[in-house]
Asks: 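Dumping the structure here so I can ask a few things about it.
Nothing fancy with the numbering, it's 1 onward along the sequence.
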Amino acid sequence: MPTFYPKTINGRVTLDLSNQGLMSLPDDIFAFTNVQTLDLQNNDLQSIPPKIKLFTELEILYLSDNPNLQTVPNEIGQLANLKDLRMSNCGIETFPETICDLPRLGCLRLDKNELFFLSPNIDRLRMLWGLFIGRNKFTEVPEVVCSMTGLKWLGLGPNPIRRVPGTITRLTELKGLVLSGCRFDEFPRQILALGALEKLYMGQWAGVGKPSPVPDGISLLTKLKFLSLNFCGLSSLPDEIAKMKTLEEIWMKGNNFTSIPPQVLALPNIAILDLQNNNIDKLPSTIAGLTKLRNIELAGNPLRYPPANVIVRGTAAILSFFGHDAGAEGKSSKGDVTSDESSKVLQAVGNLSLAEGPADVFLSYQWDHQEQALLLYSRLQERGYSCWMDVKQMGGGDSLYGMIDSAIRRAKVSSAASHRPTVSPTIAKTRSRLRTT
């Protein structure tokens, strides 16, 4: 059996025995009584010996991912300096009462077990700031949790929880709450009274595969910085989301959005935006207005615009692409035809679906402004819109009036590029004919 020795990591005496395939603890490790962090994760431990109490200076104990551990000895309660205890995925069916004897415990992770109740004595953990009980068998939030007014983080989901006690509003210091994967019949409105909340995970709050809409009154959470709406069956957001100016990060993975919700584009502090696995085919140029955006996740969307070679280069390239367009469209050596006409045409086509068939935009122009019209043509084509322009579509022998007449009738937007409010006789004649037909 190998011999293990502690190391000093970040100023802490640490003994790392994780991922060793251990079924029991080596006896020689108990000589290192000055260990402050003991990592026993991802082994096959069947039990923890009572000698664990010899680690009198222990502050952090990681036991997660020992699926056959099931319990811990009563001597765990003698670790008077223990601050962080993690026992996720340990096959625990009954809450170890000895945990309630840890006077300095700050964080307790019991997720991914078989628990359906907590000890009523857990409120003796006066220093506890984080409690995580997701992926167990709880059907309701234990009432004792609502008396632990010092909690700052509470992980309730996923669990088959259907109700939340009204007394949860006593958790006035709560900053983070996980409700994802619960089974509420309707969203518990008492959550909206937790005014200190900064992070809220509420994806699939009604259960897997069930619509989980954003509740009315969400903007009452005036300090919220992070919001997870993953897999909620959403295709739109309520307008009040635009009022939540403190939001910095939103996850909306696995929904039915076909575009970035305009409410999100109105949030000035958004830095991270996760839109993976939706139905978005085009990004709006207004995304450039999110000046604090650092990361946008778009994998799993049928994106056609911006071009793929921009998307694959990431957030900075996407923002640069739209920023470059905004600057380039305003420049012309022959006046402001390109700037004015581009802004009008781009605004007009902004809500069109990408063309599959007739041209989206019909471009007419004065011949002395052909250079600017060609630049506008290129800009629109780059954005994924098809355009009709005489020098691009007409060939020798084509009927001028016939092709212009057909193109104008079928186009969704018609643009005349000119410094002056004049139109060529050909276009004027065609437009006159259209008004009378």
Side-chain angles (χ1 to χ4, degrees), residues 17-25 37-50 52 58 60-77 79 82-102 105-125 127-148 151-165 168 174 176-184 201 203-205 207-208:
L17 280 72
S18 62
N19 302 290
Q20 299 295 324
L22 298 173
M23 298 183 68
S24 62
L25 294 183
T37 298
L38 178 59
D39 190 346
L40 301 173
Q41 294 180 104
N42 198 25
N43 283 290
D44 192 21
L45 296 173
Q46 311 294 305
S47 64
I48 301 295
I52 191 76
L58 196 63
I60 298 174
L61 177 57
Y62 295 158
L63 297 172
S64 297
D65 298 315
N66 284 282
N68 296 309
L69 186 58
Q70 297 187 351
T71 190
V72 292
N74 289 335
E75 285 77 7
I76 285 282
L79 299 175
L82 198 64
K83 298 177 181 178
D84 189 342
L85 176 59
R86 304 188 185 189
M87 298 181 61
S88 303
N89 189 30
C90 287
I92 299 171
E93 297 180 0
T94 302
F95 182 85
E97 188 72 25
T98 187
I99 291 175
C100 300
D101 296 328
L102 297 169
L105 193 64
C107 181
L108 176 60
R109 298 204 70 112
L110 291 168
D111 39 319
K112 301 181 183 179
N113 284 294
E114 303 295 324
L115 294 169
F116 57 90
F117 78 95
L118 295 177
S119 168
N121 295 319
I122 196 173
D123 61 354
R124 299 210 310 255
L125 299 175
M127 302 291 289
L128 198 69
W129 58 262
L131 176 62
F132 301 87
I133 58 172
R135 298 187 186 279
N136 278 281
K137 295 183 177 180
F138 293 95
T139 57
E140 59 182 26
V141 179
E143 284 281 356
V144 66
V145 171
C146 300
S147 68
M148 303 174 72
L151 282 177
K152 291 180 171 57
W153 262 98
L154 178 58
L156 296 175
N159 267 306
I161 296 174
R162 295 192 177 276
R163 62 174 292 273
V164 173
I168 199 169
L174 202 64
L177 179 62
V178 181
L179 299 176
S180 302
C182 289
R183 299 182 188 174
F184 304 124
Y201 294 79
Q204 295 182 313
W205 58 259
V208 176

Asks: Pick out which of N136, L179, V178 makes a side chain to side chain contact (heavy atoms under 4.5 Å, CB included) with L156.
Replies: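 Only one option passes, and that is L179.
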Asks: With a sphere of 6.0 Å drawn around CD of E93, does it hold more than 12 non-hydrogen atoms of other residues, nucleotides or ligands?
Replies: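 12 or below, so no.
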Asks: Counting C-beta onward and ignoring hydrogens, is there a side-chain heavy-atom pair between I133 and F138 closer than 4.5 Å?
Replies: yes
Asks: For a quick test of reading the model, state the closest non-hydrogen atom pair linking L63 to L40 and the distance between them.
Replies: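 In terms of heavy atoms, the two residues are closest at CD2-CD1, 3.6 Å.
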Asks: According to side-chain hydrogen bond (donor to acceptor under 3.5 Å, both in side chains), who are the partners of K112, at least two apart in sequence or on a separate chain?
Replies: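 K112: no side-chain hydrogen bond (donor to acceptor under 3.5 Å, both in side chains) contacts found.
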Asks: So how far is it from L82 CG to C107 SG, rounded to the nearest 0.5 Å?
Replies: 10.5 Å
Asks: Only counting residues at least two apart or in another chain, list the ones meeting side-chain hydrogen bond (donor to acceptor under 3.5 Å, both in side chains) with E97.
Replies: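 side-chain hydrogen bond (donor to acceptor under 3.5 Å, both in side chains) check on E97 returns S119, N121.
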Asks: Are the side chains of N68 and D44 in touch, meaning some heavy atoms are under 4.5 Å apart?
Replies: yes
Asks: With rounding to the nearest 0.5 Å, note down the distance linking CD in Q70 to CG in N113.
Replies: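 Going from CD on Q70 over to CG on N113, the span is 10.0 Å.
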Asks: So, do M87 and I99 sit near enough that their side-chain heavy atoms are less than 4.5 Å apart?
Replies: yes
Asks: Do R124 and D101 pass the salt bridge (charged side-chain N to carboxylate O under 4.0 Å, His left out) test, and can you show the C-alpha distance, the side-chain angles, and the key distance before you say yes or no?
Replies: CA-CA 8 Å; R124 299 210 310 255; D101 296 328; 2.7 Å; yes
Asks: Tell me the closest heavy-atom pair linking M148 and L128, and the distance in Å.
Replies: CE-CD2, 3.5 Å
Asks: Would a 4.5 Å heavy-atom cut-off, applied to side chains only, mark N43 and N19 as touching?
Replies: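 They are not in contact (no side-chain heavy atoms under 4.5 Å apart), so the answer is no.
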Asks: Counting C-beta onward and ignoring hydrogens, is there a side-chain heavy-atom pair between L174 and W153 closer than 4.5 Å?
Replies: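 No; the side chains remain at least 4.5 Å from each other.
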Asks: Evaluate the side-chain proximity of I52 to P73: yes if any heavy-atom separation is below 4.5 Å, no if none is.
Replies: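 Heavy-atom side-chain distance check passes, below 4.5 Å.
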Asks: Would you call E114 and K137 a salt bridge, taking side-chain N to carboxylate O under 4.0 Å as the test?
Replies: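 Yes, charged N to carboxylate O under 4.0 Å.
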Asks: In Å, rounded to the nearest 0.5 Å, how long is the span from CG of D39 to OG of S64?
Replies: 9.0 Å
Asks: Run the numbers on F132 and L154 for side chain to side chain contact (heavy atoms under 4.5 Å, CB included), then give the verdict.
Replies: CA-CA 6 Å; F132 301 87; L154 178 58; over 6 Å; no
Asks: Closest heavy-atom contact between I92 and T94?
Replies: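 Where I92 meets T94 most closely, the heavy atoms are CG2-O, 3.2 Å.
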Asks: Determine whether D84 and L61 satisfy the following criterion, side chain to side chain contact (heavy atoms under 4.5 Å, CB included), listing intermediate values before the conclusion.
Replies: CA-CA 6 Å; D84 189 342; L61 177 57; over 6 Å; no
Asks: Do you know the tightest heavy-atom contact between I161 and C182?
Replies: O-CB, 3.9 Å
Asks: Can you find a pair of side-chain heavy atoms, one from D111 and one from N89, that are under 4.5 Å apart?
Replies: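 Side chain of D111 against side chain of N89, heavy atoms only: no contact under 4.5 Å found.
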Asks: Determine the minimum heavy-atom distance between L131 and I122, stating which atoms define it.
Replies: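 Closest pair (atom of L131, atom of I122, distance): CD1-CD1, 4.3 Å.
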Asks: Could you measure the distance from the OG atom of S24 to the CD atom of Q46? Nearest 0.5 Å is fine.
Replies: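 Between S24 OG and Q46 CD, I get 9.0 Å after rounding to 0.5 Å.
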Asks: Quick check on R86: does its CZ atom have over 12 non-hydrogen neighbours (other residues, nucleotides or ligands) under 6.0 Å away?
Replies: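 For R86, atom CZ is crowded (more than 12 foreign heavy atoms under 6.0 Å).
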Asks: If we ignore hydrogens and angles and just use 3.5 Å, is the side chain of N42 paired with the main-chain N or O of S18 as donor and acceptor?
Replies: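 No.
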Asks: Which distance, rounded to the nearest 0.5 Å, do you find between the CD of Q41 and the CG of L38?
Replies: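 Taking CD in Q41 and CG in L38, the distance rounds to 10.0 Å.
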Asks: What pair of heavy atoms forms the shortest contact from L115 to F95, and how long is it?
Replies: CD2-N, 3.5 Å
Asks: May I ask you to test the L85-L79 pair for a side-chain heavy-atom distance under 4.5 Å?
Replies: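 When only atoms from C-beta onward are counted, L79 and L85 do not touch, as no gap falls below 4.5 Å.
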Asks: Mind checking the CD-CG spacing from Q20 to L25? Nearest 0.5 Å is all I need.
Replies: 11.5 Å
